[in-house]
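None of the values given here were measured: they were computed from a predicted structure. Residue numbering restarts at 1 for every chain, and letters A, B, ... go by the order of the sequence lines.
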Amino acid sequence: MDRTNQQQPPRQRDMVYCHQCENEWYRDEHGLTCPECQSDFTEIIEAEHDPRDDHLPDLEPPDHDRGEYYGTPDPDEGDIDGLRWQQTGPGQVRGTFNRTYQFGGGQGDQQQGQQGQQGGGLGGIFGGMLGSLVQGAMNNVAQRQQQPGQAQPGQEQRPQSPEGGPGGRAASAPDTARAGTTVRHYHGPLGHMTIATSSNVGGNLHPRDANAPQPFQVQPNYIDQIMQQMVMNIGPGGPHGMGGGQGGLVFADGGMGGGQNPFAAGPFGNVFSMLNGMTGMGGDAVFSQEEMDRVITRMMEENQTGHAPGPASEAAIRALPTRPIEAKDLADNGKAECTICMDEVLIGNSVTVLPCSHWFHDDCITAWLSEHDTCPHCRQGIMPKDETSSNSARQPSQAPLNDMSNPAQVPGSFPGAAPDRQETSGSRQQPESPSLHRRASSTSSAGRQASSGGRQGSSRGGMFKGMRDAFGGSRNNNNNGEGGSGGGPGAAGS
Amino acid sequence: MASNKRIMKELGEVRTNPPPGCNVILANEDDMNIWEATMDGPSDSPYTGGRFKIQITLPKEYPFKPPRVAFLTKIYHPNVMNDDTGSMCLGMLRPDEWKPPNKIADVLRLVRTVLAAPQPDDAVEQQIAREFKDDRKSFDKVAKEWVVRYAK
């Protein structure tokens with residue numbers, strides 16, 4: 001191709017490269033400090049060592065039906081655009097090129113100057129992948145051209161970028177995973193040329209090294225395979241090895257594993273395939289909204305621990321203090337019971353006390369805390385908030401954890417009030433109305449007002465609030481007949 | 001196990017003092033963990049006059065894990081699955097919302113409250129929820145029809 005004849009020697013000016021933001025500029029214009037980010041972590045680009053090598057872009061797997069290149073069969077030639085040359089030494093020329101890769105569409109619609117619009121802006125491996133995925137799904141041409149950085153463009157002597165000028169490179173480095181590097185050597189009248197092609201798939205989460213090429217990896221042609229391979233690389237067990245045991249739950253399976261058309265299952269089939277692969281499910285498919293709802297419901301039910309705190313540490317549970325039940329712990333009917341097992345406790349029986357001062361049988365609360373670090377009544381955790389690694393239990397006098405009623409933590413309620421903790425560890429245990437999903441209400445007087453006064457202190461709403469409200473009147477169900485702890489400060493310690 | 005004791009105790013309580021409109025039996029006297037409740041439709045709802053069979057399944061981890069509630073009687077309601085499971089989604093039954101001090105009697109009260117006041121925003125049947133929100137008349141009509149057809 002005649003492009004090979006456009007090689008010109010680059011200007012002999014020192015280029016400086018910023019490792020921080022991947023900016024590059026001419027030394028005689030801006031010196032050694034990055035004009036973009038003021039970083040000192042910069043380097044003069046030398047022919048022998050080009051720091052931008054570490055940021056070389058993703059290139060695509062070959063389609064093997066292309067024309068010839070330079071007398072040498074080059075399967076990549078057809079979708080090379082922006083071939084760039086750099087003289088790296090006497091008699092040595094380095095060529096770098098961009099390739100355009102399209103997801104699932106027709107071929108050949110290349111748009112110049114688009115590099116950096118994906119990947120770099122989205123950030124993160126998945127951002128980059130998803131960005132292009134969605135772009136592909138939208139039936140746009142997913143651009144995979146990336147500024148190679150290695151070379152001065154033959155025609156323009158400048159890195160090609162939307163912003164123009166050396167600085168434009170900043171956004172061009174893709175954040176996608178890299179793998180599979182192929183290196184090709186060509187010998188021609190202009191010298192020796194090496195073309196390194198890296199595919200943008202796989203889980204090799206380190207930059208490719210042009211000087212020490214990595215072994216060739218299978219380069220998938222379709223986004224399905226790309227996602228699959230990516231997932232496989234991420235998860236030790238492969239897509240079907242992770243999270244197993246959920247069997248049979250699947251979204252529309254967009255032709256994953258053998259499908260030739262990456263968009264067989266609609267524009268977002270691949271997204272689902274990806275999720276599918278991530279959650280390690282495989283097998284069935286759902287086709288209706290209802291089925292989908294059901295699947296999602298089931299998944300949510302099976303993965304409910306999402307919002308809930310994890311278990312309390314064994315040490316923290318062991319460290320919880322115990323105390324004997326006293327007369328003041330009894331309800332008006334002269335009885336008291338552990339609200340977990342509903343067994344009556346008698347005066348003198350030992351119970352375990354949580355930092356929120358709610359008490360339970362030791363066995364009962366241990367069983368609960370080993371799965372949830374919450375008080376069964378008020379949901380306050382027992383684990384220290386800051387030092388989760390330290391296994392000491394919180395003391396009853398410590399400030400509450402996750403206290404939704406704490407004015408300091410509840411937007412809009414008593415912003416100026418300092419948490420006015422009342423020492424209630426010796427007071428009668430106050431069973432809450434079981435249906436009221438209130439947070440700790442026995443911890444601050446301000447919060448107490450907030451929660452007793454119609455539960456404005458609760459930041460939760462929707463159905464649950466409705467339910468809580470609906471249940472506001474059913475407190476007589478409380479174990480001790482004590483009207484719940486929402487009764488305000490007066491109900492606290494009498 | 002303590003849980004059996006608690007279940008017995010709860011069952012005794014709920015039998016001697018059942019929540020309004022409710023009546024609870026064991027589906028099978030040998031199995032403490034499957035309760036069957038009959039619930040009268042709340043009078044201020046389209047379900048009035050209906051009598052609904054509800055199955056409450058207590059997991060063996062109860063009370064550490066929430067019970068499951070399912071309508072054995074078909075009911076036209078946004079929060080009840082319109083399928084052969086008839087399962088009902090209630091906030092307090094979600095594993096991360098559930099607290100051991102909650103009792104089945106509370107669950108039943110909540111079920112009845114939700115019968116009287118559907119929660120379309122937390123619906124499991126989106127279409128019914130939409131109808132409930134957008135065309136209350138039509139919703140009431142279908143709900144009543146279903147009561148006549150299934151819940152008498």
Side-chain angles (χ1 to χ4, degrees), chain A residues 289-291 293-294 296-297 300-309 337-344 358 360-361 363-365 367-372 374-379 431-437 460-479, chain B residues 1-14 17 19-20 61-66 68 78-79 81-83 85 87 89-127:
Chain A
Q289 178 69 42
E290 284 89 63
E291 284 296 312
D293 288 347
R294 204 156 300 153
I296 289 173
T297 306
M300 283 169 66
E301 280 169 1
E302 285 169 2
N303 299 289
Q304 278 291 347
T305 45
H307 321 315
E337 63 181 26
C338 166
T339 53
I340 293 181
C341 66
M342 287 177 65
D343 264 356
E344 191 175 353
H358 290 128
F360 308 88
H361 278 137
D363 291 348
C364 296
I365 194 60
W368 174 255
L369 288 173
S370 328
E371 292 196 35
H372 322 259
T374 61
C375 167
H377 278 301
C378 64
R379 295 191 181 278
E432 270 189 35
S433 169
S435 52
L436 298 182
H437 295 238
R460 323 171 109 226
M463 180 177 192
F464 304 135
K465 180 173 191 308
M467 305 233 168
R468 285 191 294 275
D469 290 346
F471 259 80
S474 63
R475 290 179 190 157
N476 56 356
N477 184 52
N478 277 320
N479 309 321
Chain B
M1 177 67 197
S3 99
N4 259 353
K5 204 167 164 192
R6 165 163 167 165
I7 292 173
M8 294 245 299
K9 213 167 172 178
E10 273 204 67
L11 190 65
E13 267 182 24
V14 90
N17 183 19
E61 296 92 348
Y62 184 83
F64 296 103
K65 295 261 163 67
R68 291 194 300 277
N79 303 104
M81 291 269 214
N82 180 23
D83 61 6
T85 70
S87 52
C89 260
L90 292 176
M92 76 187 287
L93 298 185
R94 287 160 32 130
D96 55 343
E97 287 277 331
W98 175 256
K99 304 193 288 191
N102 295 349
K103 295 185 197 173
I104 301 300
D106 304 321
V107 173
L108 285 171
R109 276 191 203 92
L110 180 57
V111 168
R112 200 145 187 274
T113 307
V114 174
L115 279 198
Q119 308 283 335
D121 292 332
D122 289 289
V124 292
E125 292 294 343
Q126 298 303 332
Q127 256 170 346

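Considering all non-hydrogen atoms of both residues, A:Pro376 and B:Pro100 come closest at CB-CD, 3.7 Å. Closest approach of A:Asp343 to B:Lys5, counting heavy atoms only: OD2-NZ, 3.1 Å. For A:Ile340 against B:Pro63, the heavy-atom pair with the smallest separation is O-CG, 3.3 Å. Of all the heavy atoms in A:Trp368 and B:Phe64, the pair that sits closest is CZ3-O, 3.3 Å. In this structure, A:Arg379 and B:Asp96 approach most closely via the heavy-atom pair NH1-O, 3.3 Å. Taking every heavy atom of both residues into account, B:Arg6 and A:Cys341 meet most closely at CB-O, 3.5 Å.
With a threshold of 4.5 angstrom between heavy atoms, B:Glu61 does not approach chain A through any atom at all. For B:Asn17, no part sits under 4.5 Å from any heavy atom of chain A, backbone or side chain.
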